[in-house]
Amino acid sequence: MRYHKVIRFMWCRLALLTGLLATLSACEHKELYMIDSNLVRVRVDFNYDKLDRKPTAMRVLFYPLNADKTTGRPYMFDINGTGGYVNVPEGDFRVLAYNVDNENIIEVSDDNFDSFQLTTSSNAVDVDYNANGTSSRMRTLFGENLPKAEGEQEFLLYDEPDYTCRCRCDSFHVNPSATDLAITTRNDNSDLVSGKNENGGLTLVAEEAFYTLEFDVKGIEGLSRASYVRATVSGVAASLYMSSGLPSSESGMVSFACKVDAASGLVHGSVRLWGYQPEEVDDVRQFLNIYVWASSGNYYFTNDVTRQLTEATEQRSRGTSFTFNVEAILDLTQGSVGDSGFQPSVGDWSSERRSIYM
């Protein structure tokens, strides 16, 4: 009797296990078939001829193109900067790409090709308000109350963007066969032209996504006393539209450190910017503020640079640098040692020595 019970128990367990395996096998087979039957293996390569350096990693976004020309949620892939393969469904796509070998770039996306943006982290600027509700001329940055220019607005403080490049392709058709991939190129003012490579895949042309503002400050007496120099540029774009390469209408302020060359009496500043909206568009002006911490006290120099930035960006394409010479009137030998208050100074752009170059 015991022997028959054992046999019956083993047969029950075997039947149960066989049924379970059959169920799992059927489900798994159906899921794999659905995935494999809809995807095409596509080779993506990059052309970095317009860049100063080659990225080590890129993010590629394939946006499905609907019949009404709208786009759907993108298929996103992170691949090596030298290129790689991705699996996408058959159909028509619009494609964006940017480098992800950076630390502070943040995506702003609602799954729309035209509105996809890149930005950086931001922090609120503390503003002191007077009894009548108007803001005072002090802001708190770097643990200090810093003055701002007359007429300068208050903005969120954004991190300077890391090195960023962008790619775009307006129309890319994926056929079931990877050897029969067709692509429609674009050639407009941005000169971002993508084409079919030897393997029948997609080659994306990259360009730098930012401007570089550089300046040299001259005329500071006693520069050897300076322990730290920092600058801010206000009224600049808080983010960048990746599809068009245009700055967003939201303005912010970027802070960055400057280099001091006491031997030559120069302060050099360099900062990457997404760009800015012209004054006639949003009625915002751009200001450059330079703050100097010195043994004899703290000093600042400020100037409205709206005209200079407009002239520079009209003459240079995105990704190139423009440099100004600035004549400041600062004397670090004057003032009381240990003074923590910022002493204002006046100055102007040196028009006869100002240069704009690549």
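When reading the values below, keep in mind they use all heavy atoms of this one structure, side chains included, and skip hydrogens, waters and symmetry mates. Note that the structure is predicted; figures quoted are calculated from it, not measured.
Residues satisfying the side-chain hydrogen bond (donor to acceptor under 3.5 Å, both in side chains) criterion with Ser121, sequence neighbours excluded, are absent altogether. Under the side-chain hydrogen bond (donor to acceptor under 3.5 Å, both in side chains) criterion, Asp110 pairs with Ser115, sequence neighbours left out. Legend: residues meeting side-chain contact (heavy atoms from CB on, under 4.5 Å) with Thr164, ordered by chain and number and at least two apart, are Asn99, Asn102, Ile105, Leu118, Ala209, Trp274. Among residues two or more places apart in sequence or in another chain, the side-chain contact (heavy atoms from CB on, under 4.5 Å) test is passed with Leu65 by Thr71, Asp92, Arg94. Scanning for ring-ring contact (aromatic ring centres under 6.0 Å, His included) contacts around Tyr75 gives an empty result, with sequence neighbours left out. Here Glu160 pairs with Val254, Phe256, Val271, Arg272 under the side-chain contact (heavy atoms from CB on, under 4.5 Å) rule; sequence neighbours left out. Partners of Ala257 according to the side-chain contact (heavy atoms from CB on, under 4.5 Å) rule, which considers only residues two or more places apart in sequence or in another chain, are Tyr228, Arg230. Every residue meeting the side-chain hydrogen bond (donor to acceptor under 3.5 Å, both in side chains) condition with Thr82, not counting sequence neighbours, appears here in chain and number order: Asn80.
Contact record, Thr333 with Gly222: CG2-CA, 3.9 Å, taken as the closest heavy-atom pair. A pairwise comparison of heavy atoms in Ile79 and Gly84 identifies CD1-N, 3.9 Å as the closest pair. Shown here for Gly275 and Pro247, the closest heavy-atom pair between the two residues is C-CB, 4.0 Å. In plain terms, the two heavy atoms of Thr120 and Pro161 that are nearest each other are CG2-CA, 3.7 Å.
Atom OG in Ser270 sits 4.0 Å away from atom CD in Glu214 (nearest 0.5 Å). Rounding to the nearest 0.5 angstrom, the gap separating the CG atom in Leu202 from the CZ atom in Phe46 is 8.0 Å. From Ser109, atom OG reaches atom CG of Leu61 across 7.5 Å, with rounding to the nearest 0.5 Å. A distance of 11.0 Å separates CE of Met253 from OH of Tyr158, quoted to the nearest 0.5 Å. With rounding to the nearest 0.5 Å, the separation of CG in Asp159 from CD1 in Ile106 is 8.0 Å. The structure places OG1 of Thr212 at 8.5 Å from CG of Asp52, a figure rounded to the nearest 0.5 Å.
In terms of hydrophobic clustering, with Ile, Leu, Val, Met, Phe, Trp and Tyr side chains grouped at heavy-atom distances under 4.5 Å, Val100 and Met242 are assigned to a common cluster. One hydrophobic cluster, built from ILVMFWY side chains closer than 4.5 Å, cannot hold both Leu266 and Leu223; they sit in different ones. Using a 4.5 Å cut-off between side-chain heavy atoms of Ile, Leu, Val, Met, Phe, Trp and Tyr, with links allowed through other members, Val95 and Tyr48 fall into the same hydrophobic cluster. By the rule that hydrophobic residues join a cluster once side-chain heavy atoms approach within less than 4.5 Å of another member, Tyr276 and Tyr241 end up as members of separate clusters.
You'll find the side chain of Leu332 reaches within 4.5 Å of the side chain of Ile220, heavy atoms only. Side-chain contact between Gln277 and Ser248 is absent, with no heavy atoms from C-beta onward closer than 4.5 Å. The closest side-chain heavy-atom distance from Phe155 to Val284 is below 4.5 Å. Inter-residue side-chain proximity for Val292 and Asn298 is flagged as unmet; no heavy-atom pair is nearer than 4.5 Å.
Side-chain contact check for Asp101 and Thr56: at least one donor-acceptor pair (N or O, by modelled atom type) lies under 3.5 Å. With 3.5 Å as the limit, one finds no donor-acceptor pair spanning the side chains of Thr119 and Ser239. In summary, the side chains of Ser234 and Glu152 do present a donor paired with an acceptor at a separation below 3.5 Å, with no hydrogens or angles considered.
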How far apart are the C-alpha atoms of Asp216 and Lys218, what are their side-chain angles, what is the distance that settles it, and do they pass the salt bridge (Lys or Arg N to Asp or Glu O under 4.0 Å) test?
CA-CA 6 Å; Asp216 288 323; Lys218 303 178 179 180; over 6 Å; no

* Asked: For Leu51 and Glu208, what are the C-alpha separation, side-chain angles and deciding distance, and is it a side chain to side chain contact (heavy atoms under 4.5 Å, CB included)?
  -> CA-CA 6 Å; Leu51 303 186; Glu208 291 177 337; 3.6 Å; yes

Does the side chain to side chain contact (heavy atoms under 4.5 Å, CB included) test come out yes or no for Cys167 and Met58, once each step is laid out? CA-CA 10 Å; Cys167 309; Met58 296 288 291; 3.9 Å; yes

_Working note: Val42 + Tyr85, criterion side chain to side chain contact (heavy atoms under 4.5 Å, CB included); need CA distance, chi angles, decisive distance, verdict._
CA-CA 5 Å; Val42 178; Tyr85 288 94; over 6 Å; no

Report task. Before giving the answer on side-chain hydrogen bond (donor to acceptor under 3.5 Å, both in side chains), spell out for Asp45 and Thr203 the whole-Å C-alpha distance, their side-chain angles and the decisive distance to 0.1 Å. Result -> CA-CA 5 Å; Asp45 287 307; Thr203 298; 4.8 Å; no

Would you sort out whether Ile290 and Phe215 count as a side chain to side chain contact (heavy atoms under 4.5 Å, CB included), showing the intermediate values?
CA-CA 11 Å; Ile290 300 172; Phe215 57 86; 3.8 Å; yes

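The salt bridge (Lys or Arg N to Asp or Glu O under 4.0 Å) contacts involving residues 287-299 comprise nothing, where partners must be two or more places apart or lie in separate chains. Residue pairs meeting the salt bridge (Lys or Arg N to Asp or Glu O under 4.0 Å) criterion with at least one partner in residues 254-265, sequence neighbours excluded, do not occur; the list is empty. Each salt bridge (Lys or Arg N to Asp or Glu O under 4.0 Å) pair with one or both residues in residues 57-83, not counting sequence neighbours, appears once here: Arg59-Asp78, Arg59-Glu107. Pairs engaging residues 93-123 under the ring-ring contact (aromatic ring centres under 6.0 Å, His included) rule: Phe62-Phe93, Tyr63-Phe113 [sequence neighbours left out].
Note on Glu207 versus Arg166: salt bridge recorded, some NZ/NE/NH1/NH2 to OD/OE distance being below 4.0 Å.
Aromatic ring orientation, Trp293 versus Tyr291: tilted (interplanar angle from 30° to 60°).
Considering Val174, Asn87, Val88 as possible partners of Leu39, the one that fulfils the side chain to side chain contact (heavy atoms under 4.5 Å, CB included) test is Asn87.
Using modelled atom types, no side-chain atom of Asn303 and backbone atom of Val305 make a donor-acceptor pair closer than 3.5 Å. For the pair Glu90 (side chain) and Asn175 (backbone), a donor-acceptor distance under 3.5 Å is absent. With hydrogens and angles ignored, the 3.5 Å screen pairs no side-chain donor or acceptor of Asp304 with any backbone N or O of Phe287.
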